[in-house]
K.L.:
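There's a structure below that I have some questions on.
We count ligands from 1, going down the list as the structure has it; atoms in each ligand are counted the same way.
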Amino acid sequence: MQDIPINGLTGLSYLPGYFDRTAQEALCEEIRTAVAEAPLYQPVMPKTGKPFSVKMSNCGPLGWVSDIEGYRYQPDHPVSGRPWPDIPVRLRALWQDVASDAAEPEACLINYYETGAKMGLHQDRDEKTFDAPVVSVSLGDTATFRVGGLKRNDPTKSFRLQSGDVVVLGGDARLAFHGIDRVLKGTSTLLKNGGRINLTLRRVTPPD
Ligand code: MD6
Ligand code: FE
């Protein structure tokens, strides 16, 4: 576990190689099952309706969605209207391992990056509580992750996230700006069709 200080904030942890290849394959299979039930769809930006370059789905009692109206958490898939599938056991175990002080995770956002997809600098701030960290898992092609401070214009640091790596944004760094600049094509053999999957586990509501 590496704690990475960023702009005087503590609470950003980087756990390279947390999941070995066997665990990554098992996790992929679990995500494949979830996505068969709750297909990836292309969200759009609030107001402008501009499509994200990343495709999304969720598992857990709540899922993060974005449409013309705004960002929010909701219990059902925006296209099928069905409830999101359960959070896979391996991801629950990860949360217990790195976020055991927090209440159970309620949402797992599934982001799928095809060639050329990226994610602009943002804060994860749609949750009703920021007490719990956000825990992220990378699968497939390596990505360049950028993280800064609590203000959009704070200086940033970049590092590469490889398949199996875990990042935790907690403590003072819970609301740090971050994003994905690019995904490096052909850097992993995990996903048959290439690309990258990122999973982010969150607590959305205050503990019961
Ligand atoms: C990604 N990750 O890795 C995007 N958010 O594709 C995130 O937006 C993220 O890695 C909160 C905490 C950790 C993250
Ligand atoms: Fe994020």
K.L.:
Please determine whether a side-chain nitrogen of the Lys or Arg among R174 and E127 lies less than 4.0 Å from a carboxylate oxygen of the Asp or Glu.
P.N.:
yes

K.L.:
Using a strict cut-off of 4.0 Å, indicate which atoms of ligand 1 neighbour a heavy atom of I180.
P.N.:
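Ligand 1 atoms under the 4.0 Å threshold to I180: 1 (C), 3 (O), 4 (C), 6 (O).
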
K.L.:
Within the 4.0 Å heavy-atom shell around R196, which atoms of ligand 1 are there?
P.N.:
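Contacts of ligand 1 toward R196, numbered from 1: 1 (C), 3 (O), 6 (O).
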
K.L.:
Using modelled atom types and a 3.5 Å cut-off, is there a donor and acceptor pairing between side-chain atoms of D154 and backbone atoms of L150?
P.N.:
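Flag set: sc D154 to bb L150 pair under 3.5 Å.
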
K.L.:
Minimum distance, heavy atoms only, to atom 13 (C) of ligand 1: which one of S136, P133, A176, G120 is it?
P.N.:
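Among S136, P133, A176, G120, the closest heavy atom to atom 13 (C) of ligand 1 comes from S136.
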
K.L.:
Can you give me the NE2-the Fe ion (ligand 2)-NE2 angle for H122 and H178, to 10°?
P.N.:
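Taking the Fe ion (ligand 2) as the apex, the two atoms subtend 90°.
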
K.L.:
Is the cationic atom of R152 (NZ for Lys, CZ for Arg) positioned less than 6.0 Å from the six-membered ring centroid of F177 and within 45 degrees of its normal?
P.N.:
no

K.L.:
For H122, take its heavy atoms, then give the atoms of ligand 1 lying under 4.0 Å from any of them.
P.N.:
8 (O)

K.L.:
For T200 and ligand 1, does the shortest N/O to N/O distance drop below 3.5 Å?
P.N.:
no

K.L.:
Under a 4.0 Å N-O cut-off, is there an ion pair linking K55 with E114?
P.N.:
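Looking at K55 and E114, the cut-off is met.
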
K.L.:
I need the atoms of ligand 1 closer than 4.0 Å to a non-hydrogen atom of D124, numbered in the order shown.
P.N.:
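Heavy-atom distances to D124 below 4.0 Å select 5 (N), 11 (C).
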
K.L.:
What atoms in ligand 1 come closer than 4.0 Å to a heavy atom of V134?
P.N.:
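Taking each heavy atom of V134 in turn, ligand 1 has 11 (C), 12 (C) under 4.0 Å.
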
K.L.:
State, without any angle test, whether Y18 and D165 hold a side-chain donor-acceptor pair at a distance under 3.5 Å.
P.N.:
no

K.L.:
Could you tell me which atoms of ligand 1, counted from 1 in the order shown, lie closer than 4.0 angstrom to a heavy atom of H178?
P.N.:
5 (N), 7 (C), 8 (O), 9 (C), 11 (C)

K.L.:
Please find the N/O/S atom of D124 nearest to the Fe ion (ligand 2) and write down its name.
P.N.:
OD1

K.L.:
For E104, which of R203, R92, R202 qualifies under salt bridge (Lys or Arg N to Asp or Glu O under 4.0 Å)?
P.N.:
R92

K.L.:
With a 3.5 Å cut-off and no angle check, do the side chains of T144 and R182 form a donor-acceptor pair?
P.N.:
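No, no side-chain donor-acceptor contact under 3.5 Å.
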
K.L.:
Please verify whether a non-hydrogen atom of R202 lies at under 4.0 Å from ligand 1.
P.N.:
no

K.L.:
Under 4.0 Å from any heavy atom of Y113, which atoms of ligand 1 are there?
P.N.:
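Every atom of ligand 1 under 4.0 Å from some heavy atom of Y113: 1 (C), 4 (C), 6 (O).
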
K.L.:
What's the separation between atom CG in L199 and atom CG in N111, rounded to the nearest 0.5 Å?
P.N.:
8.0 Å

K.L.:
Do L91 and V35 land in one hydrophobic cluster if side-chain heavy atoms of ILVMFWY residues count as linked below 4.5 Å?
P.N.:
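Yes, L91 and V35 fall within the same hydrophobic cluster.
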
K.L.:
Would you check whether N111 has a nitrogen or oxygen atom less than 3.5 angstrom from a nitrogen or oxygen atom of ligand 1?
P.N.:
no

K.L.:
Just need the protein heavy atom nearest to atom 2 (N) of ligand 1, so name the residue and atom and give the distance.
P.N.:
N198 OD1, 3.6 Å

